[in-house]
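Structure first, commentary second.
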Amino acid sequence: MSKFITLEGVDGAGKSTHIPTIANLLRAQGREVLVTREPGGTPLGEKLRGLLLHEAMHPDTESLLMFAARREHLEQVIKPALARGVYVLSDRFTDATFAYQCGGRGVSADKIRQLETWVQGDFQPDLTLLFDVPVSVSTQRLAGARDPDRFERENGDFFERIRQAYLARAADFPKRFRIIDSAKTLEQITQDLESIVLSI
Ligand code: TYD
């Protein structure tokens, strides 16, 4: 049976480093795996990503465009792959909108929930891996990044609100979330991921 697995965390938590590891662990179990990302994942979604990462806009507009891209992604990529029995690994999904637009930008959770229901009904990830790290560590990692986007240029308070919003989501949905301590070494994190993938 296919599974929809999402990867979440503040910018600089290191999630992108670990996605290939998770994909390879699943492939080693004989699964077919599709790796995709949000915002993006479709030709239109990638155009919306360009706007979202680089153009100034109202937080409501940001939320609407995130869900517009998600609608395309769900219908064109995620659901068809799941229907073929493929494991779908998405670098971010709706928890990111609750964390960034709601926690970070202050859009009401009620608005985001309405968009969530509109766009995905009761469709939810089977598993969400939250890469969690103190903001002092993630911002230090980001400091080395070239050409930061509109989100990465935000201050520590913004990321602290996002981290807390993610942790609150994990507490609200304990069956779906697994928290990865991203302050550990790469080897330790890889071991944690191995045991999670074995338990899927
Ligand atoms: P990401 O792919 O993690 O950035 P990078 O390619 O730099 O590693 O995500 C892009 C940005 O989009 C990230 O700062 C978080 C933001 N984002 C939201 O604000 N809301 C959302 O719903 C999603 C999916 C992403």
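We're numbering straight along the sequence, starting at 1. Both counts, for ligands and for their atoms, begin at 1 and track the order of listing.
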*With sequence neighbours excluded, residues passing side-chain hydrogen bond (donor to acceptor under 3.5 Å, both in side chains) with Q164*: E160

_Listed partners of K3 passing side-chain hydrogen bond (donor to acceptor under 3.5 Å, both in side chains), at least two apart_ = none

Under 3.5 Å, N/O to N/O: give me all the pairs between ligand 1 and the protein, one per line with atom names and distance.
unit_1   : atom_1 : unit_2 : atom_2 : d
ligand 1 : 2 (O)  : R49    : NH2    : 3.1
ligand 1 : 3 (O)  : K15    : NZ     : 3.1
ligand 1 : 3 (O)  : R92    : NE     : 2.8
ligand 1 : 3 (O)  : R92    : NH2    : 3.1
ligand 1 : 6 (O)  : R49    : NH2    : 2.9
ligand 1 : 7 (O)  : E152   : OE2    : 2.8
ligand 1 : 9 (O)  : R92    : NE     : 3.1
ligand 1 : 14 (O) : D11    : OD1    : 3.0
ligand 1 : 14 (O) : D11    : OD2    : 2.9
ligand 1 : 19 (O) : Q101   : OE1    : 3.4
ligand 1 : 19 (O) : Q101   : NE2    : 2.9
ligand 1 : 20 (N) : Q101   : OE1    : 2.8
ligand 1 : 22 (O) : R70    : NH2    : 3.1
ligand 1 : 22 (O) : T97    : N      : 3.3
ligand 1 : 22 (O) : T97    : OG1    : 2.6

*Distance only, no hydrogens: is a donor on one side chain within 3.5 Å (strictly under) of an acceptor on the other, for R169 and T128?*
no

_To check you understand the geometry: which heavy-atom pair defines the closest contact between L7 and I19, and what is its length?_
CG-CG1, 3.8 Å

Distance-only donor-acceptor pairs under 3.5 Å for side chains of residues 192-200, two or more places apart:
unit_1 : atom_1 : unit_2 : atom_2 : d
D192   : OD2    : K184   : NZ     : 2.8
S195   : OG     : D192   : O      : 3.0
S199   : OG     : I196   : O      : 2.7

*asked:* Under a 3.5 Å cutoff, is there a donor and acceptor pairing between the side chains of Y87 and D126?
replied: no

